[in-house]
Amino acid sequence: MQLSTALSLVSSNNVTEFQNLTEILSPEIISAGLKEHGVATIRKRKLPMENMVWAVIGMALFRKFPMRQLLNQLDIILPSGMPYVASSAVTQARKKLGSKVIESVFLQTQKQWNHDAAHGEWCGLNLLGVDGVVWRAPDTNENNKEFAKTGTQYGKASYPQVRMVCQMELTSHLLTNSVFDSVEVNEMNLALGLIEGTPDHSLTLFDRGFYSLGLLHRWQSAGEMRHWLMPLKKNTQYEVVKSFGRQDKLIQLTTTPQSRKKFPELPKTMHARLITKTIKGKDVQILTSMIDPMRFPPADIVDLYAHRWEIELGFREMKQSLLDNRFTLRSNQPELIRQELWGILLAYNLIRYQMVLMAKSLDGIHPNQLSFHGASMHIIHELTQLSFCTPGNIPKYTMDITKSAKQFVLPGRRERWYPRALKCSKDRYPIKRKNAVHLK
């Protein structure tokens with residue numbers, strides 16, 4: 001059953017009264033975000049800013065509803081005669097709210113939820129992943145001025161696009177931070193915006209597309225024990241400094257004058273550790289800042305890189321399950337695009353945190369071993385029932401969510417037994433087969 005189908009079963013009732021959701025998202029965090037950015041409801045309005053925060057989250061949780069219908073369905077409009085609002089009033093309220101408030105709420109909740117999650121560690125380090133994803137924006141004049149269109153030899157894409165780089169805790173799939181801009185901005189430049197918020201005592205997994213000695217050096221120098229790991233990029237030049245073992249080397253990398261100009265703190269040379277492991281007859285080389293062989297044994301380091309794919313699964317969960325394969329965003333203006341994206345990230349984390357609570361009720365199960373598609377339908381359905389209970393009974397409903405956790409445990413992942421291969425692009429013309437039978 002699709003998420004939209006499940007939600008349609010409850011669409012005949014008001015989805016929820018958000019004043020009953022204090023156990024899910026603290027109103028103090030919302031109030032602090034509004035106050036920080038000077039956004040407040042000075043006089044009584046039909047669309048209070050506190051409720052508009054929930055409306056932006058609802059845009060992601062209830063993707064099938066148009067925005068105007070969503071506000072009426074959520075029952076967050078204050079009673080003042082006519083129970084409906086015009087579309088222009090909705091847009092004005094979203095403009096007043098802006099994107100910075102939703103960003104602030106996201107950052108505060110992720111800090112609290114990641115702390116409460118009590119993630120697993122490897123050698124005392126939290127596992128993080130960084131990768132990029134592209135979102136499609138509506139083709140409006142305002143969006144076209146702010147966001148570029150990708151192009152090929154055949155022309156440009158039909159839609160302006162937004163490039164996003166996210167950081168995710170890999171055992172829970174809880175997002176820790178995100179940066180986004182026009183698609184023409186490089187992923188490595190966006191990743192620089194994640195450095196300040198990266199926690200200490202962490203190991204961040206990158207793919208080889210993020211190979212930049214300036215980025216990596218700044219990443220590991222910005223805090224205590226902020227390590228990184230990535231595959232060795234093809235044709236990388238290095239010098240072996242010391243051998244820890246037959247397939248474990250300490251190497252020296254030479255930086256370029258161009259990179260030192262961009263990153264003034266970057267030295268002329270950097271030390272890193274190169275570990276090689278033969279997997280199914282192929283040598284896999286991993287580059288990392290964890291140069292201490294006693295504290296970080298090489299046996300598991302190469303295998304750690306496989307966990308980077310968890311963030312790819314997270315992007316799929318957002319686009320396919322949460323947004324029900326509706327790949328084009330709703331908003332027609334750049335600031336509202338940013339607001340909508342922060343709302344998607346916040347809604348995704350809200351569901352993922354509930355899945356963390358589910359996993360805690362099961363022995364030996366991590367949150368990433370639960371089905372997001374099934375659990376999200378169940379969690380959103382449970383949230384819709386909060387309008388029929390008093391605030392004092394909300395913890396009981398939260399317990400009911402954990403009681404259902406066992407049915408969402410995924411089977412063990414299968415090992416890939418065939419090598420990856422590059423598929424041929426679709427031919428523009430039909431292929432004549434030798435044994436084809438022609439009917440007369």
Side-chain angles (χ1 to χ4, degrees), residues 1-7 9-10 21 23-25 57 60-63 106 109-122 126-129 131 133 166-176 178 205 303-304 306-325 344-386 394-416:
M1 182 185 294
Q2 294 294 323
L3 178 60
S4 58
T5 306
L7 296 178
L9 298 177
V10 296
L21 290 173
E23 292 292 325
I24 308 300
L25 177 55
I57 299 173
L61 292 178
F62 305 97
R63 182 66 170 171
F106 168 83
T109 53
Q110 73 80 18
K111 187 181 299 182
Q112 175 183 324
W113 292 340
N114 275 288
H115 177 269
D116 295 343
H119 306 302
E121 296 181 346
W122 179 83
N126 287 332
L127 291 182
L128 305 174
D131 205 357
V133 64
C166 291
Q167 186 180 63
M168 174 185 285
E169 202 288 323
L170 298 179
T171 60
S172 66
H173 284 203
L174 278 170
L175 298 170
T176 60
S178 180
L205 312 182
D303 295 333
L304 278 176
H307 293 281
R308 193 198 67 82
W309 289 100
E310 298 294 334
I311 192 171
E312 301 278 6
L313 297 178
F315 292 147
R316 186 184 68 181
E317 291 162 355
M318 277 187 272
K319 286 193 169 186
Q320 294 186 7
S321 296
L322 184 61
L323 301 186
D324 198 24
N325 288 316
I344 291 172
L345 300 178
L346 180 54
Y348 176 79
N349 260 10
L350 187 149
I351 292 177
R352 268 292 166 188
Y353 179 63
Q354 298 303 307
M355 294 177 66
V356 168
L357 300 181
M358 285 183 171
K360 283 186 175 181
S361 67
L362 303 172
D363 292 332
I365 297 295
H366 295 291
N368 61 359
Q369 295 175 289
L370 300 177
S371 168
F372 180 85
H373 183 70
S376 63
M377 288 195 298
H378 178 73
I379 290 169
I380 293 175
H381 176 72
E382 289 295 319
L383 292 179
T384 65
Q385 306 307 307
L386 293 184
I394 288 178
K396 182 180 70 176
Y397 280 84
T398 303
M399 290 179 62
D400 288 341
I401 288 178
T402 61
K403 287 179 181 178
S404 305
K406 193 173 182 179
Q407 64 180 304
F408 303 119
V409 177
L410 292 168
R413 296 178 182 175
R414 295 176 296 176
E415 290 288 336
R416 180 183 291 273

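Remember, predicted model here, so these are calculated numbers, not experimental data.
Not a single donor-acceptor pair under 3.5 Å links the side chain of Ser172 to the backbone N or O of Pro367. Remark: the backbone N or O of Ile351 is not paired with any side-chain donor or acceptor of Gln354 at under 3.5 angstrom. No donor-acceptor pair under 3.5 Å is formed between the side chain of Arg352 and the backbone N or O of Ala347. Between the Asn368 side chain and the Leu170 main chain, a donor and an acceptor come within less than 3.5 Å of each other.
Within the 4.5 Å cutoff, side-chain heavy atoms of Arg308 are placed close to those of Asp131. For the pair Leu350 and Trp113, the minimum side-chain heavy-atom distance is below 4.5 Å. The side-chain heavy atoms of Asn325 and Gln320, taken from C-beta on, include a pair separated by under 4.5 Å. Side-chain contact between Met358 and His378 is present, with at least one heavy-atom pair separated by less than 4.5 Å. Side chains of Leu322 and Arg63 form no contact here, defined as non-hydrogen atoms less than 4.5 Å apart. Side-chain atoms of Met168 and Leu128, non-hydrogen and from C-beta on, never get closer than 4.5 Å to each other.
Scanning all heavy atoms of the two residues, the minimum distance from Ile311 to Gly129 falls at CD1-O, 3.4 Å. Heavy-atom minimum distance, Ser321 versus His373: OG-ND1, 3.4 Å.
Residues passing the side chain to side chain donor-acceptor pair (under 3.5 Å) test with Asn349: none are found, sequence neighbours excluded. Here Asp303 pairs with Lys277 under the salt bridge (charged side-chain N to carboxylate O under 4.0 Å, His left out) rule; sequence neighbours left out. In this structure Glu121 satisfies the salt bridge (charged side-chain N to carboxylate O under 4.0 Å, His left out) test with no other residue, sequence neighbours excluded.
Within 6.0 Å of the NZ atom in Lys111, the count of heavy atoms belonging to other residues, nucleotides or ligands does not exceed 12.
Note that CG of Leu370 and CG of Leu362 are 6.5 Å apart. Values are rounded to the nearest 0.5 Å. Taking CD of Glu317 as the start and CD of Glu312 as the end, the distance is 11.5 Å to the nearest 0.5 Å. Here the CZ atom belonging to Arg316 is positioned 12.0 Å from the CE atom belonging to Met318, to the nearest 0.5 angstrom. To the nearest 0.5 Å, atom CG of residue Asn114 and atom CG of residue Asn126 are 8.5 Å apart. Rounded to the nearest 0.5 Å, atoms CD1 (Ile344) and NZ (Lys319) are 9.5 Å apart. Of the inter-residue distances, the one linking Leu345 atom CG with Ser178 atom OG reads 5.0 Å to the nearest 0.5 angstrom.
Side chains of Gln167 and Thr176: a donor on one and an acceptor on the other come within 3.5 Å.
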Stepwise side-chain contact (heavy atoms from CB on, under 4.5 Å) check, Leu313 with His173
CA-CA 9 Å; Leu313 297 178; His173 284 203; 4.1 Å; yes
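The distance between the ring centers of Phe372 and Tyr348 falls below 6.0 angstrom.
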